[in-house]
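This one's a predicted model, so the numbers in the text were calculated from it and none came from an experiment. Sequence lines set the chain letters: A, B, ... in the order given, protein chains first and strands last, and positions in each chain run from 1.
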Amino acid sequence: MNRRRFLAGGACCALAGHGFAFAQEPWQAPPRLAKPDLATEEGGLWAMMDREERNIRRSPFLIRDRRLHDYVQDIACRLAGDHCPDVRVHIVNTPLFNANMAPNGMMQVWSGLLLRAENEAQLAAVLGHEIGHYLEKHSLERLRDVKSASALAQVMGLFGIAGAFGQLAVIAGMLSYSRDQERKADLIGSMLMHRAGYDPAEAAKIWNNLLLELKARPDGSPSANSPMFATHPSPEERSETLSKLAAGMPGGRTGAETWEEKIRPFRNEWLKEEIKRGQHEESIALLTRMGAGSTPNSEYRYARGEVYRLRAKAGDLDLAVADFQAAAAIGGEPPETHRALGLIYRSRRQISEAKASLRRYLELMPSAPDQAMIKSYIEELGS
Amino acid sequence: MKKLLILCVVLLLSGCVSVAKVETGPRAIGERLTVTLDGAWNHVDAPGVGPGQLWTMEGSPVDQLRLYSGIKEGQALHAEQGGQQKSFTFRSNMQPDEIASLFEGMLTRDGSRYKLEKLEPMSFNGQPGFRFDYSLVRKVDNVHLSGVGFAAVSRNELFAVVYMAPRLVFYPRYIARVEHIGKSMSIKP
């Protein structure tokens, strides 16, 4: 394996201190990666990942929508270039910011990442980064770095127990990339973005957005709260490096309009999953940012209001009511907006407002799972 | 499922888990909750089970009946595990949908997927409460489960019985027993 391949094409990456210098010469991607002999350690790693991929294909957590899959697969393909036939995207319903790519070409993209990206280019930044790891065979390097056979056996043992998607999280932790590898992947990712016609400046934005979200938590430690920050360079360093890289590769598109069109059908469900995480401060930071776009969006307003309602700290219910009312004023609000409003009004004994909101909810969602409960509330509030 | 069974066997062999038979008839759970059983259950005592009791018919990796008696303001529904995991704590002013969401949060701490199927009012010997039905896809092994919960708040304390089991065989087998327990819930004023 040529560990310095990306340098050979002339893209200088002098790793030093907190960053590296670079020049924007064409980067020469390696030829397509052939399936290794099963008897080799690389072959063993592939076989393990092949098994994992079979599990993912069967998993109820896999999002099987063909149009969404093809859309994300196409973005990955444009980034991967000649390696496109080897990249297989699997979109997994998990409300966290993450994507990873295994040595056999399996790429997992979690729904939490799709919810958080503001445009195609931001998703491309993360996918390009993961493709960078893949092209440089960083997983294999890390496997070789696990020196002792007993340590490796522990990793394999954990695989047996952890199961399902947790397995990749385990191996990501056990075989986490070094910071130098992360820096390389950032560099390659930016170059792949540029080649695919995306604006590399979006790379720094998505990482900065995630950082703001994680810092909003009461315990505020990004590395402790996200699998994507656990091993990566410090967020400040990464942001600075990615911004410098982008400055050397100006231009490119964000694909914001197409992104909005493709993601819109799924967003409400993903927002519900985000609310269910119960990480109120993170969610409020996320939803405030996403809702601050130029086009008012009732889904974000409802979701943030619901987070306030569930957190229920002093003043939160007022904030929730304001968000629900704003969502209703924008229009196209989820029916649950009216349930949530009605429940707050009911708790405040605002009888007529409570009845009107709860009735509106049942009108919009006559087969709601909680319809019997809501009807009992309306009855209790009196005629 | 196999992995959970192995884990259960390991815990049993290590002496961390004890199982005791719970006989048919009325049983006191804590100081204020009484339920009536129309068949025997197994009471599992293991680290990390609290604050509720854990009962099972087939073994806790298969089916679980959790019984909560007198959960107080600010108390979590699960054993505190430290780390970065979110705690799901009870507030006495919670409405039924919030309490159902609280159980949802607890049951999905491992990334499992939950769906509320039904939420309806129910009375427990004159005490207003509610019943919720749900489905769950367990993250660790992708098993599809069905579940039901019965809950009420009395004097600012939460009382609840929550059951779940694989949806195809075990849930239909035991749901009548669980409903009998739910309907029998009696909370001392």
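- At least one side-chain heavy atom of A:Y377 sits under 4.5 Å from a side-chain heavy atom of B:P96.
- The part of B:F88 that comes within reach of chain A is its side chain, from C-beta onward, which places non-hydrogen atoms under 4.5 angstrom from that chain.
- Using a 4.5 Å cut-off on side-chain heavy atoms (C-beta onward), A:E336 and B:D97 make no contact.
- Proximity to chain A (any heavy atom under 4.5 Å) is shown, for B:R131, by neither the backbone nor the side chain.
- Rounding to the nearest 0.5 angstrom, the gap separating the CG atom in B:L102 from the CG atom in A:L310 is 10.0 Å.
- For the residue pair A:L343 and B:Q95, the shortest heavy atom distance occurs at O-NE2, 3.1 Å.
- Counting all heavy atoms, side chain and backbone alike, B:L119 lies closest to A:A372 at O-CB, 4.1 Å.
- Only the backbone of B:E117 comes within contact range of chain A, with at least one heavy atom under 4.5 Å from a heavy atom of that chain.
- Shortest non-hydrogen contact noted between A:P60 and B:N142 is CD-CG, 3.4 Å.
- Taken to the nearest 0.5 Å, the NZ atom of B:K118 stands 13.5 Å off from the CE atom of A:M373.
- In this structure, the separation between NZ on A:K276 and OH on B:Y114 is 8.5 Å, given to the nearest 0.5 Å.
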Hey, mind stepping through A:N93 and B:R113 against side-chain contact (heavy atoms from CB on, under 4.5 Å) and telling me if it holds? CA-CA 9 Å; A:N93 198 337; B:R113 289 190 71 195; 3.3 Å; yes
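- Heavy atoms closer than 4.5 Å to chain B are found in both the backbone and the side chain of A:R309.
- Within 6.0 Å of the CD atom in B:E31, the count of heavy atoms belonging to other residues, nucleotides or ligands does not exceed 12.
- Note that CE of B:M94 and OG of A:S347 are 13.0 Å apart. Values are rounded to the nearest 0.5 Å.
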